[in-house]
**Student:** 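Once you've had a glance at the structure underneath, I'll fire off some questions.
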Amino acid sequence: MARPNEEVEALLREYADLIAITGGDAFKVRAYEKAARAIGGHPEDISRLDADGLRDIPNVGRSIAEKVVEYLRTGTVSVVEERRSRIPAGVRELVAIPTLGPKKALRLYEDLHISSVDELAAAIEADALHDLKGFGEKTQENILHGIALLRQAGGRIPLHLAMDAAEDIVAELSEVKGCRRCTYAGSLRRMKETIGDIDILVAAARSAPFMDALAALPSTAEVIAHGAKKRSVRTTKGVQVDLRVLPPVSWGAGLQYFTGSKAHNIRTRTIAVRQGLKLSEYGLFDVDSGTSVASRSEEDVYARLGLPWIPPTLREDRGEIDAALRGELPELVTERDIRGDLHTHTDLTDGLAPLETMVTAAAERGYAYYAVTDHAPNLYMQRMTDEKILAQRERVRALDGAHRGMRLLHGTELNIDPEGEVDWPDEFLAGFDLCVASLHSHFDLDRKAMTRRLVRACENPHVHVIGHPTTRLIGKRPEVDADWDEVFAACARTGTALEINSQPDRLDLCDEDILRARQYGAKFAVNTDAHSVLHLACLRFGVGTAQRGWLTPKDVVNTWPLSRLRRFLRKDGSV
DNA sequence: GCCGTTTTCGGCCCGACTGTTTTCAGTCG
């Protein structure tokens, strides 16, 4: 979503890279990186802020606020332009190569005038680096390897693939003799939508058996690093896995440390330092005496820092530390809170499983209610008709309550056309218990038209949920361009829920959009958009995303009892 | 460049691994 916050975030990140490459102060680099993150994640549109308003954003001070104001006014920042003129854009691309940082990038540019990834690959092939200081044979090999990976994967993998791989590895290592604890940590535990690498932690007295077991797994393609305390491998699917084995007494500190995020850890370490303590993966230590004061559990570590345990999905330095200090951490929505799925398909349209199969599987998940929402006629390839959907309604009514008492809602997934209209006239729509409405085409309308389209859908009294609101596909298709502040406000005003679509290639809304929509008081529905029984289990990713958006059960309509949900579906403001 | 119960200067998280400059710089998380 191209809004000023993201533009400025990208600009500040670029400036930070350029400072690093030209050998600037490392702390200055960090300051720009921190400010970039803060602005990118700021819920308010920064173009509506003046310099003082900008300085209220954490990690934005006088100098950066001035640069942002300059950018918003003129579209450029003179000092950034000045650095750009000294360092070609291609040199900055070099630091995206694993094992190649700003120092090596600058040497390549200054000594050999290499200013793109392609030029670097060619130079290595031509053996042009042979007497360049710091670029031995092994280093060149690593760079070539890194370039290949960069071109192949773009670096990150989808959450569900990482989860599958991690759960397999955890299961294997848990079987190794001497294993006291084993789990995954890192961005996977925080449920980020894409994962750079998988962090696995083991608590055991001896590390070697686990290091060897990891290297010996059939899924392991190559060993990248093999120290005594850390082992890194690459799987056959190209995912990097880092294994750390910790003494059992350090389990809590290790888990906290390797869960991150980096920004969250910097905050917790800073709190430790102020108390005369030092926090590492081995424990929380008194600086003077060197004695450990906490390490066995995450709860112990946080408690000794004066904090309650903070759920991993919140650990992004987006205000969770301050909320914890105030005792105001949200009671996050969990998978157990979800009473039903409000967006699912059957083989009447493009689902794989028949109605009865989906309903049975849903009942086995313990749901109190479940909505069947097959596609409406305007998604022409699905060939929906009035007769087919009415016949399905009869079958749904017949199954209502037949599985563990689970109540069934008959719904549909409508198509929002470019004008904001949906399939079927009002009187026909009134026959549904629930309507999801989604964008399925015309993704390239301009912002004004797209905003109007979505707002009109919200204003339709028969539309209860906006499905996968931005229609992004992670790594494939960007979010559609709309004034999301206006859309989110319309959702709150009209009592239309925003979907958090749990499909791992969607996760739409994403965490940052949720944080923004929440400011307007909008409600949400965490749905799977299941097209198969297996898809029902994707709910965990949607719930993880909702947690990353700080949502509580009261924000999520499908945690509510059916009676309350039905009042919400009346759209008359009675909830 | 940011920040402040260490408050306008001086610190900014900390440790691991790799390759090579053989005692440490660069990179990573």
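Sequence lines set the chain letters: A, B, ... in the order given, protein chains first and strands last, and positions in each chain run from 1.
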**Student:** Do L173(A) and L243(A) have side-chain heavy atoms sitting under 4.5 Å apart?
**Tutor:** yes

**Student:** Atom CD1 of I200(A) and atom P of dG29(B): how far apart are they, to the nearest Å?
**Tutor:**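 Whole-Å distance recorded here is 16 Å.
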
**Student:** Which nucleotide sits closest to the side chain of N59(A): dC3(B), dG15(B), dC17(B)?
**Tutor:** dC3(B)

**Student:** Taking only N/O atoms, report every protein-nucleotides 11-13 of chain B pair under 3.5 Å with atom names and distance.
**Tutor:**
unit_1: dC13(B); atom_1: OP1; unit_2: R30(A); atom_2: NH1; d: 2.0
unit_1: dC13(B); atom_1: O2; unit_2: R269(A); atom_2: NE; d: 2.9
unit_1: dC13(B); atom_1: O2; unit_2: R269(A); atom_2: NH1; d: 3.4

**Student:** Would you mind telling me which of dA16(B), dC2(B), dG15(B) lies closest to the side-chain atoms of K230(A)?
**Tutor:** dA16(B)

**Student:** How is G134(A) classified with respect to the nucleic acid when contacts are heavy atoms under 4.0 Å: base, sugar-phosphate, or nothing?
**Tutor:**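 The answer is base, as G134(A) lies within the cut-off (heavy atoms under 4.0 Å) of a base atom.
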
**Student:** Under the side-chain hydrogen bond (donor to acceptor under 3.5 Å, both in side chains) test against E316(A), which residue among H264(A), R37(A), R190(A) passes?
**Tutor:** R190(A)

**Student:** How many whole angstroms separate atom NZ of K229(A) from atom P of dT18(B)?
**Tutor:** 14 Å

**Student:** Rounded to whole Å, how long is the line connecting atom CG of D317(A) with atom P of dC3(B)?
**Tutor:**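 Computing the D317(A):CG to dC3(B):P distance gives 12 Å.
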
**Student:** With rounding to the closest Å, how many angstrom separate the P atoms on dT6(B) and dC12(B)?
**Tutor:**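 Nearest-Å result for dT6(B) against dC12(B) at atom P: 13 Å.
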
**Student:** When rounded to the nearest Å, what value does the distance between C1' atoms of dT23(B) and dG29(B) take?
**Tutor:**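 About 24 Å, rounded to a whole number of Å.
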
**Student:** Given the C1' atoms of dA25(B) and dT20(B), what is the spacing between them in whole Å?
**Tutor:** 10 Å

**Student:** Of the nucleotides dG1(B), dG29(B), dA16(B), which has the atom closest to the D242(A) side chain?
**Tutor:**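 Nearest nucleotide to the side chain: dG29(B).
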
**Student:** Could you tell me if the side chain of I200(A) sits less than 4.5 Å from the side chain of C182(A), heavy atoms only?
**Tutor:** yes

**Student:** Using the P atom in both, what is the distance from dC14(B) to dC9(B), to the nearest Å?
**Tutor:** 25 Å

**Student:** Can you tell me if E331(A) has over 12 outside heavy atoms packed within less than 6.0 Å of its CD?
**Tutor:** no

**Student:** For the side chain of K28(A), counting heavy atoms from C-beta on, which of dA16(B), dC14(B), dG1(B) is nearest?
**Tutor:**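 Of dA16(B), dC14(B), dG1(B), dG1(B) is nearest to the side chain of K28(A).
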
**Student:** A side-chain contact here means heavy atoms from C-beta on lying under 4.5 Å apart; do L217(A) and L214(A) qualify?
**Tutor:** yes

**Student:** What is the distance, rounded to the nearest whole Å, between atom CD of Q140(A) and atom C1' of dT18(B)?
**Tutor:**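 Nearest whole value for this atom pair: 15 Å.
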
**Student:** Nearest whole angstrom, please: distance from the C1' of dC2(B) to the CG of L54(A).
**Tutor:**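 Whole-Å distance recorded here is 15 Å.
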
**Student:** How do Y282(A) and R62(A) order along DNA chain B: which one's closest nucleotide is nearer the 5' end?
**Tutor:** R62(A)

**Student:** Please list each protein N or O that sits under 3.5 Å from an N or O in nucleotides 25-27 of chain B, with the distance.
**Tutor:**
unit_1: dT27(B); atom_1: OP1; unit_2: G101(A); atom_2: N; d: 2.8
unit_1: dT27(B); atom_1: OP1; unit_2: G101(A); atom_2: O; d: 3.1
unit_1: dT27(B); atom_1: OP1; unit_2: K104(A); atom_2: N; d: 3.0
unit_1: dT27(B); atom_1: OP2; unit_2: K103(A); atom_2: N; d: 3.1
unit_1: dT27(B); atom_1: O5'; unit_2: G101(A); atom_2: N; d: 3.4

**Student:** Counting distance only, does the side-chain N/O of S295(A) pair as donor-acceptor with the main-chain N or O of G283(A) below 3.5 Å?
**Tutor:**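 No; judged by distance alone, with no hydrogens or angles, the pair does not exist.
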
**Student:** OP1 or OP2 of dT18(B) less than 4.0 angstrom from a side-chain nitrogen or oxygen of T139(A), does that happen here?
**Tutor:** no

**Student:** Scan for salt bridge (Lys or Arg N to Asp or Glu O under 4.0 Å) pairs involving residues 112-136 of chain A, sequence neighbours excluded, and state none if there are none.
**Tutor:**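 Listed once each, the pairs are D118(A)-R151(A).
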
**Student:** For dT18(B) versus dT8(B), give the span between their C1' atoms, rounded off to a whole number of Å.
**Tutor:** 41 Å

**Student:** Give the rounded distance in Å between these two atoms: CD of E33(A) and P of dG29(B).
**Tutor:** 13 Å

**Student:** Which listed nucleotide (dG29(B), dT18(B), dC14(B)) is nearest to the side chain of A225(A)?
**Tutor:** dT18(B)

**Student:** Name the nucleic acid region contacted by R244(A), choosing base, sugar-phosphate or nothing; use a 4.0 angstrom heavy-atom cut-off, strictly under.
**Tutor:**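 Answer is sugar-phosphate: R244(A) comes under 4.0 Å of backbone atoms only.
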
**Student:** Which value, in whole Å, describes the distance between the P atoms of nucleotides dC13(B) and dC2(B)?
**Tutor:**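 About 16 Å, rounded to a whole number of Å.
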
**Student:** Measure CD1/I224(A) against P/dC28(B) and give the value in whole Å, please.
**Tutor:**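 In whole Å, dC28(B) P lies 12 Å from I224(A) CD1.
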
**Student:** If you find the nucleotide of DNA chain B closest to A228(A) and the one closest to R55(A), which residue's nucleotide is nearer the 5' end?
**Tutor:** R55(A)

**Student:** Could you check T545(A), N501(A), T470(A) and say which one makes a side-chain hydrogen bond (donor to acceptor under 3.5 Å, both in side chains) with D508(A)?
**Tutor:**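 Answer after filtering T545(A), N501(A), T470(A): T470(A).
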
**Student:** I want to check something: taking the side chain as every heavy atom from C-beta on, are V239(A) and L161(A) in contact at a cut-off of under 4.5 Å?
**Tutor:**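 SC-SC contact between V239(A) and L161(A) ruled out.
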
**Student:** Any idea which heavy atoms bring R231(A) and A215(A) closest together, and the distance?
**Tutor:**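 Closest heavy-atom pair between R231(A) and A215(A): NH1-CB, 4.1 Å.
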
**Student:** Name the nucleic acid region contacted by V60(A), choosing base, sugar-phosphate or nothing; use a 4.0 angstrom heavy-atom cut-off, strictly under.
**Tutor:**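 The answer is sugar-phosphate, as V60(A) gets under 4.0 Å only of primed atoms, P, OP1 or OP2.
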
**Student:** Look through every strand shown and name the nucleotide pairing with dT8(B) as Watson-Crick or G-U wobble, where both distances are under 3.5 Å.
**Tutor:** none

**Student:** From CD of E141(A) over to P of dT18(B), roughly how many Å is that when rounded to an integer?
**Tutor:** 14 Å

**Student:** Provide the closest heavy-atom pair for L539(A) versus V526(A) in the form atom of the first, atom of the second, distance.
**Tutor:**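 The pair with the smallest heavy-atom distance is CD1-O, 3.7 Å.
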
